[in-house]
Amino acid sequence: MTSRYNFQESETRWQAVWEQRQVFAAREDPSRPKYYVLEMFPYPSGRIHMGHVRNYTLGDVVARYKRARGYNVLHPMGWDAFGLPAENAARDSKIHPAKWTYDNIATMRGELKRMGLSLDWSRELATCHPGYYKHQQKLFLDFLKAGLVDRREAFVNWDPVDHTVLANEQVIDGKGWRSGAPVEKRKLAQWFLKITAFSDELLRALGQLDRWPDKVRTMQEHWIGRSEGAYVTWKVAGRDTAIEVFTTRPDTLFGASFLALSPHHPFTDELARKDAKLAAFVAECDRAGTSEAAIEAAEKIGYDTGLEVEHPLAPGRTVPLWVANFVLMEYGAGAIFGCPSGDQRDLDFARKYGLDVIPVVMPRDADAKTFRIGDTAYTDDGVLINSAFLDGLEVPSAKRKVIERLEALRGGRGTVQYRLRDWLVSRQRYWGCPIPVVHCDACGVVPVPDRDLPVLLPDDVSFEKPGNPLDHHPTWKHVDCPRCGKKARRETDTFDTFVDSSWYFARYCSPRADEPVTRGAADYWLPVDQYVGGVEHAILHLLYSRFFTRAMRITGHAKVDEPFAGLFTQGMVCHESYRAADGRWLYPEEIDRQADGGVVEKGTGEPVTVGRREVMSKSKKNVVAPSAIIDAYGADTARWFMLSDSPPERDLEWSAAGIDGAWRFINRVWRLIDENADRREGAGGAAGDGAAIDLRRATHGAIRDVTQHLERFKFNSAVARIRELSNAIEAFTAGGAAARAAWREAVEALVKLLGPMMPHLGEELWQVLGGKGLLCEQAWPEADPALLVADSVEIAVQVNGKLRATVTVPRDAAQADVENVALAQPAVQRATEGRRPRKVIYRANQVINVVA
RNA sequence: GCCCCUGUGGCGGAAUGGCAGACGCGGCAGACUCAAAAUCUGUUGCCCGCAAGGGCGUGGGAGUUCAAGUCUCCCCGGGGGCACCA
């Protein structure tokens with residue numbers, strides 16, 4: 001009769017014990033080293049999905065492991081609770097966003113608790129709670145005082161039907177995702193956080209984030225996009241106006257054949273007022289969306305203003321002034337000079353509109369007299385031609401020289417540009433944190449005084465009308481000016497939800513404090529030692545948090561610069577998709593596998609097309625609900641499977657077979673200990689010999705390797721190593737006192753090693769073994785160095801690099817002895833055909849290579 | 001187009017330049033069973049061979065090395081990021 005592990009009973013019981021004894025509640029303790037483990041908090045969409053299970057399992061293994069290593073661990077959880085889906089639910093189902101959100105949180109909290117995570121639930125927070133966003137408003141006002149906030153006009157995606165601003169992702173093919181109306185570029189007053197004030201610092205500090213994936217650092221580096229170049233000033237001929245342009249190729253200045261202004265350049269505005277055709281051209285440019293994709297799709301078009309501008313270094317030379325749709329107002333100076341010979345885009349533009357093409361850089365071995373530009377611009381390094389005092393110079397020295405000359409003549413200056421733009425945080429939405437300012441006709445923009453925080457969202461809102469419900473509210477926005485007392489209006493914009501998630505990690509340090517963070521707590525816990533989450537947040541969330549941390553330092557709320565000292569980005573959870581003949585997607589539980597490997601629809605028996613494995617998504621129904629898996633197999637099985645099959649940074653394929661394998665292993669370990677009651681009474685580590693000493697070596701080898709694998713996030717290898725130890729214990733049949741002691745030592749180690757991964761099974765077995773206290777409070781096992789080296793070693797014997805035999809010799813045997821044994825091997829004799837070796841290379845205790 | 005990552009049995013994957021395929025999934029054979037499930041044992045990279053043994057093998061091609069999955073160069077496939085950024 002084989003016994004079975006009763007996971008339902010066990011998991012429920014241990015979760016209650018942990019909660020009752022408050023074992024995961026964190027307290028500041030300066031006498032102990034701290035370790036802050038954090039997983040990206042979830043959006044309360046309704047149910048947890050497998051991506052969450054993977055994310056939180058990884059973090060929990062780290063938290064439990066570090067706790068066992070003696071660290072004072074902080075491991076909190078909360079909810080990224082503001083956002084559009086709640087408003088959509090309100091509109092579609094008439095459920096208030098707050099109710100929808102809090103109901104979802106209650107459901108998901110229950111699901112997370114069933115996973116057995118070692119979380120300090122007493123620190124739980126939700127960003128939609130006034131107790132959280134009050135402090136966000138305070139931070140914003142402090143940033144405002146410190147000059148880190150700006151309100152200015154910006155072009156945004158405006159949906160003329162829904163009367164709202166859309167995020168770039170909500171503009172599809174130039175049309176609003178919901179209304180389908182062509183999106184317009186509109187200039188509106190918007191709130192910005194001045195992240196560009198830290199462009200250089202955010203870029204340079206990436207070098208110190210040595211526990212971040214290179215990939216993420218590179219992505220941020222590109223996103224910030226530092227480029228060196230120069231501003232060059234061009235006088236408009238016959239007018240008292242000058243145009244400044246930015247270029248990274250000042251060396252090509254003599255190849256300029258036109259200047260192009262952005263459609264939104266102030267000088268374009270000025271000209272368009274008197275030029276109806278230009279105004280029409282600008283309007284045409286604005287009809288396209290502002291998203292990168294929309295710009296990319298758009299054809300390059302230009303408009304000749306008829307004006308000429310004077311070349312700053314070639315007296316008497318002028319080039320035509322154009323307005324072009326591809327010139328961005330937000331980057332550089334909002335104007336460029338076009339050098340068609342050195343830039344493909346400029347070349348295409350010049351060919352289209354019949355502008356000059358003057359070669360100014362050519363390959364070193366080319367001839368200046370015959371060098372011509374065809375359909376391809378020359379963008380490589382080389383020497384300057386047709387460029388007056390620059391002729392003959394290489395590109396880098398030409399750049400230096402031309403900048404020197406421009407600066408001397410006051411016609412320009414060298415500069416550094418960043419691609420990074422200020423962070424637009426205004427959203428015309430209800431379910432977000434209100435921006436705490438008041439607009440007064442007399443006083444202008446007035447910050448809400450601290451004593452009046454939080455600015456609460458009104459409960460009684462309607463989602464009937466399109467647009468911002470806060471703006472439609474009959475009374476909410478009408479207030480008296482805090483400064484002069486006259487009638488004034490509240491700001492009705494709310495914050496981008498990325499603001500909420502930019503400082504939650506700091507709030508966890510003192511989640512109920514009546515200030516954003518308590519310095520004592522923040523100084524102790526920050527930075528987060530290990531952050532775990534999806535790579536999809538590589539840029540926005542992580543960059544915003546890095547900015548926020550610096551802004552909080554400047555406003556006195558924190559002392560650290562970087563929020564996350566270590567970052568791990570996990571892969572996604574994938575599954576095959578299934579499709580019926582009529583095109584319907586089918587859930588995995590709606591199909592049957594037949595003996596011949598065919599797949600049919602349950603019930604009908606109709607054949608099903610099996611799609612490739614891809615990220616689980618509701619639209620393709622290739623999802624498996626975590627709750628169903630936990631019901632059927634328990635949390636430990638789900639956790640173990642999440643860790644066992646794939647390295648955590650790669651995508652993981654969910655499979656029923658994999659879950660079965662995990663479930664089988666749990667029961668194997670259970671039986672291993674449950675069915676060996678007679679062996680459990682082992683004494684302390686007696687020396688033993690033979691089989692017993694071999695088992696002890698296996699135990700201590702496993703301790704060393706699992707420890708190393710966990711340190712390096714190689715959880716799948718740690719799993720494999722634990723399985724090996726378990727196999728070794730199963731195979732161990734020796735009797736006697738020493739054998740019992742070795743067995744006892746081995747199973748204790750096994751339980752401790754698997755504890756962070758399968759905490760419920762671990763506690764249960766710890767109890768069966770008669771261990772003191774809770775497993776989650778036990779110290780991590782230490783490997784005994786004396787048991788990590790064997791007396792004899794197996795040496796690979798190669799002839800000319802090919803394996804021919806293996807020999808077992810005493811550890812650290814003399815090379816001559818090993819050589820003799822190796823050469824005597826029949827296989828070696830055959831391979832060398834009796835010849836004397838020309839050379840023998842010996843790597844101690846590992847390999848010997850005979851070169852014949 | 002540019003940048004980064006990646007390619008290993010039927011599958012997921014392992015391997016500080018030193019015995020490729022650990023560990024698992026799946027398969028095959030067997031034990032237990034009236035039978036099945038569960039469990040257990042053995043076996044399982046490919047090819048030749050009754051066997052002993054031999055040959056071939058980490059996307060393809062070259063190179064460095066006593067020794068290459070690992071390092072270098074070229075090519076091919078897969079994934080991701082950026083993409084009018086002047």
Side-chain angles (χ1 to χ4, degrees), chain A residues 1-2 4 213-223 225 227 229-230 245-250 252 260 262 292-293 295-300 324-328 330-339 342-346 348-349 417-421 535-536 538-539 571 613 641 644-647 649-653 655-662 664-665 667-668 671 705 709 714 716-727 730 794-806 826-827 830-831 837-852:
Chain A
M1 171 79 192
T2 57
R4 264 190 169 220
D214 289 343
K215 183 169 74 167
V216 174
R217 288 194 291 179
T218 308
M219 282 165 68
Q220 292 212 353
E221 196 180 312
H222 290 162
W223 189 262
S227 55
V245 306
F246 173 72
T247 179
T248 54
R249 293 296 302 275
T252 65
S262 164
E292 306 290 6
I295 292 166
E296 175 64 16
E299 195 193 350
K300 290 173 188 45
N325 67 336
F326 62 85
V327 181
L328 305 174
E330 296 86 355
Y331 186 76
I336 60 156
F337 77 77
C339 173
D343 184 291
Q344 192 59 44
R345 187 189 45 205
D346 293 347
D348 295 343
F349 193 79
Q417 271 296 323
Y418 296 90
R419 209 187 75 113
L420 184 68
R421 295 177 208 170
V535 74
E536 65 274 18
I539 296 175
R613 68 178 164 116
F641 172 62
S644 59
D645 259 21
S646 298
E649 69 277 9
R650 279 201 225 168
D651 286 353
L652 172 131
E653 184 176 12
S655 71
I659 266 291
D660 284 338
R664 271 200 299 273
F665 180 69
N667 282 292
R668 263 176 102 125
R671 286 194 304 273
D705 292 350
H709 290 319
K714 299 174 86 167
N716 57 323
S717 295
V719 163
R721 212 61 190 76
I722 290 172
R723 281 181 181 272
E724 279 185 278
L725 176 59
S726 152
N727 290 345
E730 278 182 354
E794 198 184 46
I795 307 248
V797 184
Q798 300 177 336
V799 177
N800 294 332
K802 253 190 207 311
L803 181 74
R804 293 297 171 183
T806 56
R830 266 197 307 276
R838 284 192 290 137
K839 195 172 167 188
V840 175
I841 286 128
Y842 178 55
R843 189 181 170 88
N845 300 322
Q846 211 164 50
V847 63
I848 183 161
N849 190 7
V850 179
V851 185

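Quick note on labels: first sequence line is chain A, next is B, and so on, each numbered from 1. This one's a predicted model, so the numbers in the text were calculated from it and none came from an experiment.
For A/Val847, the side-chain atoms get nearest to B/G18 when compared with the rest of B/G18, B/G24, B/C25. Of the candidates B/A14, B/G13, B/C3, the closest approach to any side-chain atom of A/Ser717 belongs to B/A14.
Between A/Phe246 and A/Val719, the residue anchored closer to the 5' end of RNA chain B is A/Val719, taking for each the nucleotide with the nearest heavy atom.
Taking 3.5 Å as the limit, the base of B/C19 and the side chain of A/Gln846 contain no donor-acceptor pair of atoms between them. Put simply, the side chain of A/Arg421 and the base of B/C85 share a donor and an acceptor less than 3.5 Å apart. For B/U65, its base never sits under 3.5 Å from the side chain of A/Arg843 at any donor and acceptor pair. The base of B/C84 is paired with the side chain of A/Lys300 by a donor and an acceptor separated by under 3.5 Å.
A 3.5 Å limit on both hydrogen-bonding distances identifies no Watson-Crick or G-U partner for B/C50. Nucleotide B/G77 forms a pair with B/U6, judged by Watson-Crick or G-U wobble geometry with both contacts under 3.5 Å. As the counterpart of B/C82, B/G1 is assigned, both hydrogen-bonding distances of the Watson-Crick or G-U wobble pattern falling under 3.5 Å. The partner of B/C56 is B/G45, judged by Watson-Crick or G-U wobble contacts that both fall below 3.5 Å. Nucleotide B/C66 forms a Watson-Crick or G-U wobble pair with B/G18, both donor-acceptor distances falling under 3.5 Å.
Shown here, B/G49 is classed anti by the O4'-C1'-N9-C4 or O4'-C1'-N1-C2 angle, which is more than 90° from 0.
With a 6.0 Å cutoff to the six-membered ring centre and a 45° limit on the axis angle, A/Arg723 counts as a cation-pi contact of A/Phe665.
Taking atom C1' in both B/A22 and B/G45, the straight-line distance is 14 Å, to the nearest Å. B/U64 sits 12 Å from B/G17 when the C1' atoms are compared, rounded to a whole Å. Comparing the P positions of B/U8 and B/G13 gives an interatomic distance of 9 Å, to the nearest angstrom. The same atom, P, is picked in B/C25 and in B/G78; the two are 32 Å apart, to the nearest Å. Using atom P as the reference point in both B/U41 and B/G55, the two lie 35 Å apart (nearest Å).
Residue A/Ala796 comes nearest to A/Leu803 through the heavy atom pair CB-CD1, 3.7 Å, listed as atom of the first residue, atom of the second, then distance.
Checking the phosphate oxygens (OP1, OP2) of B/G18, no side-chain nitrogen or oxygen of A/Asn845 falls inside 4.0 Å. For B/G12, neither phosphate oxygen OP1 nor OP2 lies less than 4.0 angstrom from any side-chain nitrogen or oxygen of A/Asn716. Remark: A/Arg650 is not in phosphate contact with B/C5, judged by side-chain N or O atoms under 4.0 Å from OP1 or OP2. Residue A/Ser227 places at least one side-chain N or O under 4.0 Å from the OP1 or OP2 atom of B/A86. Residue A/Arg419 has no polar side-chain atom (N or O) positioned under 4.0 Å from OP1 or OP2 of B/C82. A/Lys802 has a side-chain polar atom (N or O) that falls below the 4.0 Å cut-off from OP1 or OP2 of B/C56. Between A/Arg723 and B/A22 there is no side-chain polar atom (N or O) within less than 4.0 angstrom of OP1 or OP2. For B/G26, the OP1/OP2 oxygens have a side-chain nitrogen or oxygen of A/Arg664 closer than 4.0 Å.
Within the model, atoms CG of A/Asp346 and SG of A/Cys339 stand 7.0 Å from one another, a figure rounded to the nearest 0.5 Å.
Checked for salt-bridge contact, A/Arg345 and A/Asp348 miss the test: no charged N lies under 4.0 Å from a carboxylate O.
The residue A/Glu653 sits apart from the nucleic acid: no heavy atom pair falls under 4.0 Å.
With contacts defined as side-chain heavy-atom distances shorter than 4.5 Å, the pair A/Ile795/A/Tyr842 qualifies.
Inspection of the A/Arg843 and A/Gln846 side chains reveals an N or O donor paired with an N or O acceptor under 3.5 Å.
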